[in-house]
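See below for the structure under consideration.
When reading the values below, keep in mind they use all heavy atoms of this one structure, side chains included, and skip hydrogens, waters and symmetry mates. In each ligand, atom 1 is the first atom listed, and ligand 1 is the first ligand listed. Keep in mind the model is a prediction, meaning the values are calculated, not measured.
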Amino acid sequence: MSNILSKISWFIKEEWKTYVFMLFLLLSIAFIALTPAWVLGYSIDTIVSGGLTKTTLTLLVIALVLLPLGRYLLSFMYNYLSNKTAQKLSYKLRQKYLSHLFDMDSKFYEQYEKGDLISRVTADLDAITQAATSLLEGIIFNVGIILFAIGVMSLTISWQLTLISVAIMPVGLTILNIIRYNKRKYIKRHREIYADMTEKVLESVEGQRAIRAYVQEENDLKKQYEAIDNDIESWRYIVKYENWFNPLFEVIYGISYILAFGFGIYFIINQQITLGNLITFISYVGLLFGPIISISTIFTQINNATISIDRYEEIMKETPEVHDEVFSKPIVKFNKLEFKNVTFKYPFDKVPVIKNISFEINKGETIGIVGPTGAGKSTLIRQLLREFNVTDGQVFIDDISIEEYKIEDIRNLVGYVPQAHMLFKRSVDENIMIGNPLANHEALDKAVKIADFEKDLLFLQNGMQTQVGEAGSTLSGGQKQRLSIARALIKDPEILILDDSLSAVDAKTEDTIIEHLKAFRKGKTNIIVAHRFSAVRDADQIYVLQAGKITQRGTHEMLIKTDGWYKNQYIEQMTMR
Ligand code: ADP
């Protein structure tokens with residue numbers, strides 16, 4: 001309980017006024033809830049003693065009518081506020097979580113699955129909000145009612161009778177709560193299985209095209225069913241514990257009633273209490289049932305929420321390895337880029353992908369990087385995006401390590417066109433403007449022109465306003481590539497990286513884009529990773545990467561004259577034309 005309270009104390013501080021008002025409402029509701037039983041007992045004693053007058057009768061009737069009405073109004077206000085604060089809490093927790101996810105680096109995303117991250121922000125956050133909301137209501141309202149009822153029972157009726165009939169309840173509850181506590185491990189397991197199920201659903205939805213293309217619906221559905229079965233199976237253990245609880249508590253409660261009734265009659269015979277007292281007493285015993293069950297349920301919710309809090313906190317405690325320092329330097333332009341003995345190993349791999357790489361790029365140059373698939377070309381140039389820190393060596397920009405600059409500034413310096421395009425379910429122009437939301441029409445037109453995307457617009461139903469389907473499903477492979485190139489170009493970046501971004505365009509379009517880059521990007525730097533040598537033919541320097549090492553470097557003219565991978569591939573590409 002203190003765990004949850006300490007985790008949301010910032011929210012309680014922010015909303016303390018609402019909480020104080022809700023507290024007042026709850027205490028008023030608790031008070032009203034207990035009054036009718038007292039009024040009933042008082043009425044019976046008045047009738048039995050023959051003291052009932054017209055005025056007392058009218059007052060009693062008015063009280064019995066007004067009390068539920070008052071309770072309804074106060075409950076309405078309380079529920080409204082309670083739901084509102086719960087929504088607010090959930091909103092703020094989600095906001096914190098999502099902004100934290102945006103701060104995370106690539107290592108984090110390699111560590112956690114998407115489905116897991118989603119389930120933490122949905123199921124786990126719901127459990128936390130639910131418990132936090134119930135906490136106030138449960139503890140204040142129910143404990144208030146219990147204490148109030150026991151106070152009235154023991155102080156105004158008989159403390160002996162109260163002790164006899166109520167003492168069994170906390171003993172029974174404690175035993176049952178111990179049983180419930182043991183349920184924790186099953187809940188933890190259930191949360192993990194739920195995350196796994198979310199991941200599977202996500203994968204199937206994302207991969208539905210491939211699944212259909214390979215007629216794998218049945219296989220996929222089988223996997224989904226297995227995940228759902230596991231989910232239900234993990235629930236079964238939890239429900240088993242629950243099933244133990246309620247009937248057992250009813251038994252305890254029944255005993256309490258019998259004790260109250262039996263000893264109550266004995267107390268009346270001994271003239272220690274009146275008949276009205278016993279009726280009030282029995283009603284109060286009845287009133288205790290709801291709150292005691294609620295408190296116990298709230299303990300269960302808190303129990304569940306502690307697991308969720310741990311899962312939420314696990315993510316919130318993660319810190320990105322790639323992060324800014326207070327002394328991080330700003331940068332908007334550069335003159336020289338240098339890779340010096342750079343070695344890089346992916347966080348969960350054993351061997352490095354690129355090894356001891358050294359080269360320089362001067363501002364305004366165009367660099368080509370070629371080599372077999374899997375050689376590490378993409379890994380090499382992605383070091384400029386600051387996704388990971390290098391394992392060994394350094395990348396320098398103007399003789400200062402890249403790690404000393406502000407991450408955002410470095411990313412602003414670079415326009416990166418990845419191999420796999422990420423398009424959003426928005427219009428074409430909105431998709432391009434992601435590269436630079438502040439760009440004007442001229443910049444948009446220029447980017448579209450350089451990327452040779454102009455011709456595609458004629459074929460799109462609504463031109464720039466055409467809605468792109470999820471993951472770009474309404475566009476062809478080549479169109480997606482050109483749109484992605486336009487997105488990178490609209491920022492007019494100091495360094496443009498085309499990471500095998502011309503693979504889906506035909507040779508003529510490739511020529512046009514390369515010519516456009518030469519014409520429109522004078523003084524700016526381009527890094528082109530390509531399979532077709534035509535894309536890098538005019539580069540100032542070409543690097544051949546094989547198995548993570550630079551094996552050849554030079555201009556196209558030099559390389560075709562030197563024996564090696566470049567010359568062999570060139571001959572092969574020429575003969576295939
Ligand atoms: P290229 O661009 O030359 O085709 P990549 O840089 O994409 O090569 O990949 C080089 C090697 O690194 C490959 O063996 C690939 O499997 C591995 N690799 C790529 N991305 C990751 C990653 N995120 N985690 C682990 N290994 C990776």
Side-chain angles (χ1 to χ4, degrees), residues 101-102 104-117 199 202-203 206-207 318 320-322 337 339 341-359 361 366-393 395 402 407 411 414-422 477 480-481 484-485 488 495-505 510 526-536 539 541-553 559 564-566 568-570 572-573:
L101 286 192
F102 275 105
M104 287 296 107
D105 58 10
S106 299
K107 182 178 176 189
F108 170 87
Y109 286 101
E110 299 223 337
Q111 196 174 344
Y112 292 96
E113 286 179 340
K114 279 185 267 176
D116 185 20
L117 292 175
E199 175 69 19
L202 204 67
E203 204 178 71
E206 279 180 344
E318 290 278 355
E321 264 175 27
V322 180
L337 249 173
F339 279 63
N341 305 325
V342 173
T343 295
F344 177 76
K345 179 178 86 58
Y346 281 104
F348 302 101
D349 280 0
K350 288 205 173 63
V351 287
V353 170
I354 49 171
K355 297 152 211 158
N356 206 18
I357 300 252
S358 300
F359 67 93
I361 305 174
T366 292
I367 296 300
I369 299 180
V370 296
T373 307
K377 304 182 290 296
S378 205
T379 306
L380 174 70
I381 47 159
R382 287 174 79 107
Q383 300 306 321
L384 293 175
L385 297 176
R386 295 293 330 270
E387 292 173 322
F388 302 96
N389 287 332
V390 293
T391 315
D392 218 344
V395 178
I402 199 170
I407 300 165
R411 291 186 185 147
V414 177
Y416 177 67
V417 187
Q419 285 179 15
H421 311 289
M422 181 62 217
K480 278 188 224 173
Q481 279 200 331
S484 294
I485 295 172
I495 306 167
L496 174 74
I497 301 179
L498 300 184
D499 189 355
D500 205 10
S501 315
L502 299 168
S503 59
V505 301
E510 179 188 277
N526 303 312
I527 302 177
I528 304 173
V529 176
H531 274 107
R532 271 196 303 240
F533 291 173
S534 45
V536 294
Q541 191 76 228
I542 300 169
Y543 296 97
V544 177
L545 206 66
Q546 283 177 283
K549 287 186 175 160
I550 295 182
T551 52
Q552 287 186 283
R553 56 181 83 199
L559 289 170
W565 186 87
Y566 195 92
N568 295 342
Q569 284 295 308
Y570 181 70
E572 211 170 281
Q573 286 188 10

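For Lys114, the salt bridge (Lys or Arg N to Asp or Glu O under 4.0 Å) partners at least two apart in sequence or on another chain are Glu206. With sequence neighbours excluded, the residues satisfying ring pair (Phe, Tyr, Trp, His ring centres under 6.0 Å) with Phe344 are Tyr346, Phe388. By the salt bridge (Lys or Arg N to Asp or Glu O under 4.0 Å) test, Glu387 is found to be paired with Arg382, residues two or more places apart in sequence or in another chain being considered.
Between Asn341 and Ser358, the side chains place a donor N or O and an acceptor N or O closer than 3.5 Å (distance only, hydrogens not considered).
Within the 4.5 Å cutoff, the side chain of Leu384 has heavy atoms near those of the Leu337 side chain.
Listed as neighbours of ligand 1 are Glu110, Tyr346, Asp349, Val353, Pro372, Thr373, Gly374, Ala375, Gly376, Lys377, Ser378, Thr379, Gln419, each bearing a heavy atom under 4.0 Å from the ligand.
Closest approach of Gln111 to Glu318, counting heavy atoms only: NE2-OE2, 3.8 Å.
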